[in-house]
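I have placed the structure first, in the form of structure tokens, so that the comments after it can refer back to it.
Just the heavy atoms: all of them, side chains too, but no hydrogens, waters or symmetry mates, feed the values below.
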Amino acid sequence: MRIEMNAPVDRPVARPLEGVRVLDLSHALSGPTCTSLLALLGADVVKVERPGVGDDFRHYTEHAGLPGMSLPFAAANAGKRSITLDLTQPAAIKVIHALVRRSDLLVENFRPGVAAKLGLDWPSLRAINPALVYASISGFGQTGTLRDWTAYDHIVQAMSGIMWMNGDPDDDPLKVGFPIIDTFSGYMAVIGLLAALHRRDQTGQGDFVDVAMLDSAFNLMGAAIPIYFQTGEVRARTGNRGYRLVATSETYPTADGYISIGANHQHQIEAMCEVLGCEWLLQDARFATHQQRVLNHEALRAALTGIFGALKGEEIEPQLAARHVPVAYVRNLGQVLEHPHFKERDIFLEAELPGTERPLKTVGPGFQLGSGRFTAGAVPRLGEHTEEVLAELELDPEVLAAVRPREAA
């Protein structure tokens with residue numbers, strides 16, 4: 001049966017995690033990325049922020065956005081409910097305990113040891129709710145020599161070897177140009193949480209999920225890791241060459257920019273040469289087989305550089321694609337986001353953004369479900385849902401009295 005994927009208006013909203021309650025004690029990017037995906041999947045996410053300040057990411061206005069509502073923050077927190085609590089105060093901890101009792105999942109990305117000082121670590125909260133699934137995201141994990149080191153995305157890129165592997169062979173090490181480790185760590189946390197949640201539903205017992213940014217980086221480099229363990233070889237930087245190290249899998253300058261080719265297999269190379277009108281290349285013994293093309297990479301690259309340099313990348317791209325040659329004209333972010341393919345895929349979501357009439361347009365979860373489409377909730381103002389959530393908890397009046405004056409300050 002064919003499932004029609006291009007009818008977003010007629011498809012129901014997909015909420016596979018509806019009924020799952022998430023307590024979000026995270027900040028910045030890795031933890032909020034995790035809980036953002038959980039919210040997109042239908043979970044009720046209660047985000048705890050500092051009174052008067054909130055998540056530091058709210059103030060990244062150098063990357064665009066309104067005061068207290070930066071676009072990076074908005075993209076990672078749409079659809080959540082925001083409450084403000086001063087976690088150094090005993091009354092606030094009582095509120096957290098009440099939230100823990102009813103929560104299925106908890107996500108935090110404090111530095112290792114901070115949650116324990118607050119009495120909000122896994123052993124403490126498991127005693128309150130044995131069915132709780134608790135995820136800690138940190139730079140280097142909850143164990144090991146590097147446990148207490150502070151980490152940011154580019155620090156982990158440097159530590160993991162990603163920075164060493166990235167860039168051209170003769171250049172300095174180069175980080176990936178966006179926070180790839182922060183984001184991927186959030187996704188790894190989702191995988192761990194859902195696996196533990198499935199086990200919890202079978203056994204009734206919660207679990208602890210230890211997510212390290214460094215471990216996540218190694219997962220991204222999964223193809224390189226076994227090469228080192230098996231051979232002791234430290235792979236050199238390949239620049240824009242494909243991983244198979246052939247000149248027909250590389251990026252070339254064209255008359256109007258750059259084009260990336262992924263012709264790894266013989267039939268792809270033959271098709272590429274036919275489109276480019278350079279069948280003579282394969283008649284040269286230096287380029288006739290994969291082994292010879294690797295050995296004579298520089299000579300083949302020089303020949304292809306001349307050929308592509310005389311062509312327009314945007315014109316040759318669809319011709320190569322029609323022959324099933326992996327190809328992409330190198331576009332900037334604006335060019336690719338305006339491509340009609342993504343309008344047809346309907347992968348970007350709109351969320352209400354307080355302070356502006358224009359909705360926030362952000363990415364979806366990275367996949368689609370045949371059973372329904374995803375939607376994004378509104379981006380929360382700081383503490384917007386404090387009273388609403390407190391009312392749901394039915395707390396003792398003295399606890400409410402201790403918390404609310406701080407909210408009004």
Side-chain angles (χ1 to χ4, degrees), residues 22-38 45-50 53-57 76-77 85-90 92-93 95-97 99-100 103-130 132-163 179-197 200 205-221:
V22 181
L23 180 55
D24 184 0
L25 302 182
S26 69
H27 62 282
L29 190 53
S30 59
T33 295
C34 167
T35 52
S36 174
L37 181 53
L38 296 173
V45 179
V46 174
K47 180 180 178 69
V48 178
E49 302 188 66
R50 292 174 296 168
V53 178
D55 188 329
D56 286 341
F57 232 46
N77 290 281
L85 293 171
D86 180 356
L87 297 182
T88 66
Q89 301 300 316
I93 299 301
V95 174
I96 295 295
H97 287 175
L99 287 166
V100 166
S103 294
D104 300 289
L105 310 176
L106 182 148
V107 179
E108 58 91 355
N109 60 348
F110 299 120
R111 292 191 311 277
V114 171
K117 290 180 181 178
L118 294 171
L120 300 177
D121 55 319
W122 162 241
S124 299
L125 298 187
R126 176 175 56 179
I128 295 173
N129 179 1
L132 181 70
V133 176
Y134 183 120
S136 290
I137 306 174
S138 62
F140 303 106
Q142 303 299 311
T143 59
T145 303
L146 303 178
R147 172 184 182 271
D148 296 321
W149 287 27
T150 302
Y152 292 111
D153 185 276
H154 68 284
I155 299 300
V156 177
Q157 288 196 40
M159 175 68 74
S160 65
I162 284 179
M163 192 179 292
I180 184 172
I181 308 300
D182 273 329
T183 304
F184 189 65
S185 298
Y187 272 68
M188 293 298 288
V190 171
I191 294 171
L193 284 165
L194 293 183
L197 184 63
R200 193 280 305 270
Q205 295 299 308
D207 210 339
F208 179 72
V209 182
D210 178 3
V211 180
M213 293 168 64
L214 183 60
D215 298 353
S216 298
F218 289 143
N219 278 77
L220 281 171
M221 301 185 340

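- Glu49 places a side-chain N or O within 3.5 Å of a backbone atom of Asp55 that can act as its donor or acceptor partner.
- Checked by atom type and distance alone, the side chain of Asp24 never pairs as donor or acceptor with a backbone atom of Val45 at under 3.5 Å.
- Heavy atoms from other residues, nucleotides or ligands lying under 6.0 Å from OH of Tyr187 number more than 12.
- In this structure, the separation between NE2 on His27 and CD on Glu108 is 9.5 Å, given to the nearest 0.5 Å.
- Summarising the geometry, atom OG belonging to Ser30 is positioned 6.0 Å from atom CE belonging to Met213; distances are rounded to the nearest 0.5 Å.
- Of the possible donor and acceptor atoms, none in the side chain of Arg126 sits under 3.5 Å from a partner among the backbone N and O of Pro130.
- Closest approach of Asn129 and Ser103 over heavy atoms only: ND2-O, 3.0 Å.
- The neighbour count for His97 NE2, taken as heavy atoms of other residues, nucleotides or ligands under 6.0 Å away, is above 12.
- The list of salt bridge (Lys or Arg N to Asp or Glu O under 4.0 Å) pairs with a residue in residues 206-216, not counting sequence neighbours, reads Arg199-Asp207.
- Heavy atoms only, all atoms of each residue included: Ser216 and Val211 are closest at OG-CG1, 4.0 Å.
- One finds the CG atom of Leu25 at 7.0 Å from the OH atom of Tyr134 (value rounded to the nearest 0.5 Å).
- Ile137 approaches Ser185 most closely through the heavy-atom pair CG2-CB, 4.4 Å.
- Shown are Asp148, Thr145, Leu146; of these, the side chain to side chain contact (heavy atoms under 4.5 Å, CB included) with Phe140 is made only by Leu146.
- Shortest non-hydrogen contact noted between Arg147 and Gln142 is NE-O, 2.9 Å.
- Nearest heavy atom pair, residue Val209 against residue Ala196, reads CG2-CB, 4.2 Å.
- Nearest heavy atoms, Ala151 versus Val156: CB-CG2, 3.9 Å.
- At distances below 3.5 Å, not a single donor-acceptor pair connects side-chain atoms of Asp182 with backbone N or O atoms of Tyr152.
- Not a single donor-acceptor pair under 3.5 Å links the side chain of Asp104 to the backbone N or O of Val133.
- The side chain to side chain contact (heavy atoms under 4.5 Å, CB included) test with Leu105 singles out one residue from Leu23, Leu132, Leu197, and that residue is Leu197.
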Only pairs under 3.5 Å count here: list side-chain donor-acceptor contacts from residues 110-124, not counting sequence neighbours, and write none if there are none.
residue, atom, partner, partner atom, Å
Asp121, OD1, Ser124, OG, 2.6

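- Within the model, atoms OG1 of Thr183 and CE of Met188 stand 13.5 Å from one another, a figure rounded to the nearest 0.5 Å.
- Side-chain N or O atoms of Thr35 include one that pairs as donor or acceptor with a backbone N or O of Pro32 at under 3.5 Å.
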For side chain to side chain contact (heavy atoms under 4.5 Å, CB included), just list the numbers for Ile181 and Ile162, CA-CA rounded to whole Å, side-chain angles, deciding distance to a tenth of an Å, and then say yes or no.
CA-CA 10 Å; Ile181 308 300; Ile162 284 179; 3.6 Å; yes
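- How far CZ of Phe218 is from OG of Ser160: 6.5 Å, rounded to the nearest 0.5 Å.
- Under a 3.5 Å cut-off, the side chain of Arg200 and the backbone N or O of Gly206 do not form any donor-acceptor pair.
- Taking CZ of Phe184 as the reference point, atom CG of Asn219 lies at 5.5 Å (rounded to 0.5 Å).
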